2 protein chains.
Amino acid sequence: MPNSFTPQAAGDLNYLKSLNRSTILSTVRRNPGLSRADIALQTGLTKATVGGVVQILLEQGWLREGELHARGGGRPGRALHLDDAHHCMLGAEVGVKGLRLVACNLLGEILASLHREEPPTTPEATARRLAELLGELRDDPAIAGRSCLGLGVAVPGPVSPQAPILRLAPNLGWVDIDFLALLRAECRGPEGIWLLENEANAAAFGEFYFFDGAPPESIAYISAGSGIGCGVVSGDHFPVIPRGRQGLVGEIGHTVLQPGGALCHCGNRGCAETLVSGWALREALKIDSRASLSASVSARGDEAEVQAALARAGDALGLLLLNLHHTLNPSMLIVGGSLMRLGARLIGPALSYFDAHQNDLLRQAQAVPVKVVEDSTFTAARGAAAQVMARAAVAL
Amino acid sequence: MPNSFTPQAAGDLNYLKSLNRSTILSTVRRNPGLSRADIALQTGLTKATVGGVVQILLEQGWLREGELHARGGGRPGRALHLDDAHHCMLGAEVGVKGLRLVACNLLGEILASLHREEPPTTPEATARRLAELLGELRDDPAIAGRSCLGLGVAVPGPVSPQAPILRLAPNLGWVDIDFLALLRAECRGPEGIWLLENEANAAAFGEFYFFDGAPPESIAYISAGSGIGCGVVSGDHFPVIPRGRQGLVGEIGHTVLQPGGALCHCGNRGCAETLVSGWALREALKIDSRASLSASVSARGDEAEVQAALARAGDALGLLLLNLHHTLNPSMLIVGGSLMRLGARLIGPALSYFDAHQNDLLRQAQAVPVKVVEDSTFTAARGAAAQVMARAAVAL
DNA sequence: TCTGGTTAGTAAATTGTATGAACTAATGGG
DNA sequence: CCCATTAGTTCATACAATTTACTAACCAGA
């Protein structure tokens, strides 16, 4: 399962230097405020090496110096932070329901964003529209004067691990689209790194890379929207996304939870998506595909039918989380996607099911936290931007 | 998901050297017969660097020179192979039904083996017995004069990713056992690397590391025996086993295939193990736990009850493979474990189910090969030995 | 206010790695 | 027999991290 962030297999002195540079950078990212001496201790490098590399990173606008440490005795160290003022990354999501764009700084903070509820039509027209919006975004005063590290685009389908090609987007009817090429034809877009990523992988990466607090060893991000996808990330300094042979890692929406169950649009029966997903809920509640699911559900309030459908779907989501946990055993499960807008009536039963059906193996171990992202409008776009940063940090 | 084989985060010149050494070694392992010039081309290192490193590896007994290449024009290159004559690794499996030991050379060829059908009792007694057998194995003339790189022990339960501790072996009734410490107390065993690994992970690693033919990018090994486990391996030069936060990656026996189904010994209902596993089949066919499952089944021949039970279990196994495939999308699925001794009546339906229920996503992609290991007596033990070699190759 | 202890960070000499250019070695074709 | 071609080695060079020694900055206590 190839990925762009693992250290390469063989290397020369340049490689060694860039390895150490990006390790130091990632050490600061994961522990803001460390001093040069702290970094030396953590990485095992010498003070001299760290000093030299930090010098370069300061000059290049990746790091900035902060306050002095205040721990008695001896000369205080100078805190180092990621420089949030000089660079930015662009991220975009081509979603089933519209286009979303963000520009972030190195801390993952969103400086500017755009959101258009315009369902994509053809790949070409979508690329053209995205190019327009990119232009608009780049003119935003919030990112004026910043160097742009590149652009990441998240798409609702598997991306080939061998090349940045969208293999299949069932909900858009797109097959084997070289979306970055289309986009490049429409705009002399930002210089730097361009990359294409599956929506769930992008979101997972962003949540992991910019995690707020003590960084987990690994996470699985479950994207529950029109369909159900999943992205996995692990790795300390070089986060890794397993993609699988065909980029199909995390197609958990099509794991079978109910053999012989309802027919799924994938051709099988009883897939998870037939039990919990945007389209399954629309079907169950007879909501038109053009209407907003969350709006329709709130409008219908406390109808018994609605309650029951949400509870059933919630149980299925809980089961899905459990099975995922048994297969991947991540340090943390993060649940996001547009279905989270349905609120506690869906996620409540899911979490209860998850807790209630822990088996002895899991009970014996420490409980695995589940985090719910209520508003994931820009999660995937920001995650794509995070991948740009990660790649820029190793290339540097 | 930490592991011992990924390149470390930061490094000095020693690290660079050892990185290149092990990369060259692994290049030869995966492409036997390459010349120095071929290696330089593949790895991107210069001829001079490769030459120097190969020199060392020849002297240390890791590589040997072979025949001359015969491709017209120019001086022919000298083929390089792993040296199968100087080193060996020991591997052992503490299985539910008995102890298995192997000694292999660097090609993964089994030089000597021992197999005792003595179900383990207490950890201490088992360690004592294993120490005896290790002594016996080391006296085998087939490994006389070889340097021993170390010992790997495979156990039927999750191993903590943080330390070589067996967390739980449900089928042995063991909890939190430091088996290597017990073993060390019983024998001044082989010098070198000692490691403990889950049985399915070990088997997966061995099948990947010593794969016969063009090496796949990643594999998932399904170990179908008393219980159902799974190990995953990927990575070109540095194979990685995801272990998860608690070492529970691959506990697919306890993914739920039948919500509300039969009660599993794990405390849940409808786990895969209630449908396909040694104990589920014994239960279904009322076979005593002391009798051999495969012998009893063959003895009962073509009884309709037996046929039906095997077909049902086979279907469940097929479904398990499909779900695993949707979650992990490996380049290859390998199925082994003692249940494979039941032959085509079990694995046949499993493969048919797997083929028949491929959904559109999978059908659009190239079919994923499924390999069946009929006799996996020493698979896990050999895999543990393979891990010793992998670790020795990076430490060197 | 000064002095000694302590930690942070820098400078210079040293070590060791891969590199590149130039070499020798070995083969086949004309 | 010579030459083109490819394999492999030798040796001077560049360069990254280290080691050692230094300066910088702060605190505590006299």
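If you're wondering where the values come from, they're calculated on a predicted model, not measured in any experiment. Protein chains get the first letters and strands the later ones, always in sequence-line order, with residue 1 at the start of each. Heavy atoms only: backbone and side chains are in, while hydrogens, waters and symmetry mates are out.
- When atom types are taken as modelled, the side chain of B/Arg78 and the backbone of B/Gly66 share a donor-acceptor pair closer than 3.5 angstrom.
- Remark: B/Asn20 is in phosphate contact with C/dA18, judged by side-chain N or O atoms under 4.0 Å from OP1 or OP2.
- With respect to A/Asp83, the side chain to side chain donor-acceptor pair (under 3.5 Å) criterion is satisfied by exactly one of A/His86, A/His81, A/His87: A/His86.
- Between B/Arg243 and B/Glu197, at least one side-chain N (NZ, or NE/NH1/NH2) sits under 4.0 Å from a carboxylate O, which counts as a salt bridge.
- Closest-nucleotide positions on DNA chain D for B/Pro76 and A/Val53 were compared, and the one nearer the 5' end corresponds to B/Pro76.
- Here D/dG8 is the nucleotide among D/dT19, D/dG8, C/dA8 with the atom lying nearest to any side-chain atom of B/Arg78.
- Each of D/dT9, D/dG8, D/dA17 was ranked by its minimum atom distance to the side chain of B/Gln55; first place goes to D/dT9.
- Residue contacts shown for B/Ala48 include a base, since a base heavy atom lies under 4.0 Å away.
- In this structure, the nucleotide among D/dT18, D/dT9, D/dA14 sitting nearest to the side chain of A/Leu13 is D/dA14.
- Checked by distance alone, B/Arg75 brings a side-chain donor or acceptor within 3.5 Å of a matching partner on the base of C/dA25.
- Counting only heavy atoms from C-beta on, A/Ser35 has its side chain closest to C/dG9 among D/dT19, D/dA25, C/dG9.
- With A/Phe210 as the aromatic partner, A/Arg382 does not meet the cation-pi criteria of under 6.0 angstrom to the ring centre and within 45 degrees of the ring axis.
- Looking at the side chain of B/Asn14, the nearest of the listed nucleotides D/dT18, C/dT17, D/dT9 is C/dT17.
- A straight line from CG of B/Leu63 to C1' of D/dG8 spans 16 Å, rounded to a whole angstrom.
- Annotation: side chain of A/Glu65 is in contact with side chain of A/Arg36 (closest heavy-atom distance under 4.5 Å).
- Using a 4.0 Å heavy-atom cutoff across all strands shown, B/Thr49 reaches at least one base atom of the nucleic acid.
- The side chain of B/Lys17 sits closest to C/dT17 out of C/dT10, D/dA16, C/dT17.
- When each of D/dT9, C/dA18, C/dA25 is scored by its nearest atom to the side-chain atoms of B/Leu16, the top-ranked nucleotide is C/dA18.
- D/dA16 atom P lies 13 Å from atom CG of A/Leu19, rounded to whole Å.
- The side chain of A/Thr46 contributes an N or O atom lying less than 4.0 Å from OP1 or OP2 of D/dT18.
- Within 4.0 Å (heavy atoms only), B/Lys47 reaches at least one base atom of the nucleic acid.
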